There are 2 protein chains.
Amino acid sequence: MGKQMTEMLKGTLEGIVLAILAGRAAYGYEITARLRALGFSDIAEGTVYALLIRVEQRGFVDVEKIPSELGPPRKVYSLNGQGQEYLEEFWRTWSFLAGQLDQLRGGGR
Amino acid sequence: MGKQMTEMLKGTLEGIVLAILAGRAAYGYEITARLRALGFSDIAEGTVYALLIRVEQRGFVDVEKIPSELGPPRKVYSLNGQGQEYLEEFWRTWSFLAGQLDQLRGGGR
DNA sequence: TACTGGTACATAGTAACGCTGAATAGCGGC
DNA sequence: GCCGCTATTCAGCGTTACTATGTACCAGTA
């Protein structure tokens, strides 16, 4: 992925992952796979795990450890109330930014 | 401005400034004022100047020093060919990201 | 002359984020 | 036993925007 995308993901990747979790609970490896399916093909696994630890420490998600039949136990993350609120604020911030950019792009001034 | 916006601006502020310059040439102080008018009320002057130096070093803008009747001489930046190309790539990257986010927001899955 | 305020640019230090690259560990199949 | 897939973790790095200053030029005013 380009450097531009890398920089643009700063601040949005977190929202993207929380939005995925808003759909349903998931674990790290699964989230990485879903991101790749979404077209974010080059997001490193390490990035996702670091992000998950961050949002866990901020209290946006609940964690449950579930044994897997295939490999080591999975840490399943689910969005909690605080996370919901944060996600809503994320969407507000995003809407504002997207609005301004659309304006800039269209008007050219 | 919120911390969310701060992080989200990483990678997009550069595009925003280049888009402003695509409209017409401008100098740092003026760009800061325009950003504030656009609603990015808390963008520090220092941020804009640092960004302008960055894009200048990458060769995206041409610079002309023009004496001001009011204060020190202005450094007027104008987008050049390379900057145009970069801006177009920025819009492509942005479109992809915005598309994916819209999808995530709407579908909820 | 001295002071104030607006214009205009620059820089050192800091924090946050995503990436790179590697390590660790469990399980199934050849 | 070894390889490949699943699954998580961590240290070190580069980029970006912010904070907080500092420099400099000019106009108006007392």
Side-chain angles (χ1 to χ4, degrees), chain A residues 1-18 25-36 40-58 60-61 63-77 86 90 93 97, chain B residues 1-18 25-36 40-58 60-61 63-77 86 90 93 97:
Chain A
M1 210 166 296
K3 200 169 85 61
Q4 254 181 3
M5 184 57 94
T6 291
E7 291 306 323
M8 229 181 263
L9 281 175
K10 289 188 179 178
T12 54
L13 183 57
E14 194 175 279
I16 292 171
V17 169
L18 292 182
Y27 55 98
Y29 195 82
E30 184 187 3
I31 292 171
T32 305
R34 288 232 233 152
L35 286 173
R36 294 201 204 284
F40 301 104
S41 48
D42 287 340
I43 290 181
E45 279 187 53
T47 298
V48 175
Y49 288 110
L51 190 156
L52 287 172
I53 287 172
R54 227 153 49 222
V55 294
E56 181 187 354
Q57 281 173 349
R58 290 200 210 148
F60 297 150
V61 291
V63 187
E64 202 182 350
K65 209 155 205 169
I66 294 180
S68 162
E69 317 92 30
L70 207 55
R74 299 166 172 166
K75 279 176 75 175
V76 175
Y77 295 86
Y86 184 79
F90 169 81
T93 306
L97 189 60
Chain B
M1 212 165 298
K3 199 166 85 60
Q4 253 181 4
M5 182 58 91
T6 291
E7 290 306 324
M8 231 180 262
L9 280 176
K10 289 186 182 178
T12 54
L13 183 56
E14 196 175 279
I16 292 171
V17 169
L18 292 182
Y27 53 98
Y29 194 81
E30 186 188 2
I31 293 171
T32 306
R34 287 229 235 154
L35 287 172
R36 293 201 204 285
F40 302 103
S41 47
D42 287 340
I43 290 183
E45 275 188 62
T47 299
V48 175
Y49 287 112
L51 190 156
L52 287 173
I53 287 171
R54 226 154 50 220
V55 293
E56 181 187 352
Q57 282 174 348
R58 289 200 210 149
F60 297 151
V61 291
V63 188
E64 202 182 350
K65 210 155 204 168
I66 294 181
S68 163
E69 317 92 28
L70 208 57
R74 296 165 174 167
K75 277 177 77 176
V76 175
Y77 295 85
Y86 185 80
F90 170 81
T93 307
L97 189 60

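FYI, side chains are in, hydrogens and waters are out, and symmetry mates aren't considered; it's all heavy atoms of this structure. Computed from a predicted structure; not experimentally measured.
In this structure, the CD1 atom of I66(B) is 16 Å from the C1' atom of dT7(C), given to the nearest Å. For the pair M8(B) CE and dG18(C) P, the interatomic distance rounds to 11 Å; values are reported in whole Å. The separation between E56(A) atom CD and dT8(D) atom C1' is 12 Å, rounded to whole Å. Remark: P of dT7(C) and CD1 of I31(B) are 16 Å apart, rounded to the nearest angstrom. In this structure, R36(B) places its CZ atom 14 Å from P of dG6(C), rounding to the nearest Å. The nearest whole Å value for the distance from the CD1 atom in I43(B) to the P atom in dT19(D) is 11 Å.
Taken from CG in L35(B) to CD in E30(B), the straight-line distance is 10.5 Å, to the nearest 0.5 Å. Here the NZ atom belonging to K10(A) is positioned 11.0 Å from the OG1 atom belonging to T12(A), to the nearest 0.5 angstrom. In this structure, CZ in F40(A) is found 4.0 Å from CD1 in I16(A), a value given to the nearest 0.5 Å.
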Please write out the pairs of protein N or O atoms and N or O atoms of nucleotides 13-16 of chain D separated by less than 3.5 Å, giving the distance to one decimal.
from    : atom 1 : to     : atom 2 : distance (Å)
dG14(D) : N2     : K10(A) : NZ     : 3.1
dT15(D) : O2     : K10(A) : NZ     : 2.8
dT16(D) : OP1    : R58(B) : NH2    : 2.8
dT16(D) : OP2    : R54(B) : NE     : 3.4
dT16(D) : OP2    : R58(B) : NH2    : 3.2
dT16(D) : O2     : K10(B) : NZ     : 3.0

For nucleotides 8-11 of chain C, list the nitrogen or oxygen atoms of the protein found under 3.5 Å from its nitrogen or oxygen atoms, one pair per line.
from    : atom 1 : to     : atom 2 : distance (Å)
dA8(C)  : OP1    : S68(B) : OG     : 3.2
dA8(C)  : OP1    : R74(B) : NE     : 2.4
dA8(C)  : OP1    : R74(B) : NH2    : 2.4
dA8(C)  : OP2    : Y27(B) : OH     : 3.1
dC9(C)  : OP1    : K75(B) : N      : 2.5
dC9(C)  : OP2    : G28(B) : N      : 3.3
dC9(C)  : OP2    : Y29(B) : N      : 2.9
dC9(C)  : OP2    : Y49(B) : OH     : 3.0
dA10(C) : OP1    : K75(B) : NZ     : 3.3

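Each end of the helix from dT1(C)-dA30(D) to dC30(C)-dG1(D) gets its own rotation axis from five pairs of C1' atoms, and the angle between them is 20° to the nearest 10 degrees.
Counting heavy atoms from C-beta on, the side chains of L97(A) and L9(B) come closer than 4.5 Å. Counting heavy atoms from C-beta on, the side chains of I66(A) and Y27(A) never come closer than 4.5 Å. Taking 4.5 Å as the limit, every side-chain heavy atom of T47(B) sits out of range of all side-chain heavy atoms of T32(B). In this structure, the side chains of D42(A) and T6(A) stay at 4.5 Å or more apart for every pair of heavy atoms.
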Determine all donor-acceptor pairs shorter than 3.5 Å in which one atom belongs to a side chain in residues 49-58 of chain B; sequence neighbours excluded.
from   : atom 1 : to     : atom 2 : distance (Å)
Y49(B) : OH     : Y29(B) : N      : 3.3
R58(B) : NH1    : E14(B) : OE2    : 3.2

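Evaluation of the ring pair (Phe, Tyr, Trp, His ring centres under 6.0 Å) rule for Y86(A) yields F60(A) as partners, not counting sequence neighbours. Every residue two or more places apart in sequence or in another chain was checked for a ring pair (Phe, Tyr, Trp, His ring centres under 6.0 Å) with Y77(A), and none qualifies.
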Verdict with supporting geometry, V61(B) and L18(B), side-chain contact (heavy atoms from CB on, under 4.5 Å): CA-CA 9 Å; V61(B) 291; L18(B) 292 182; 4.2 Å; yes
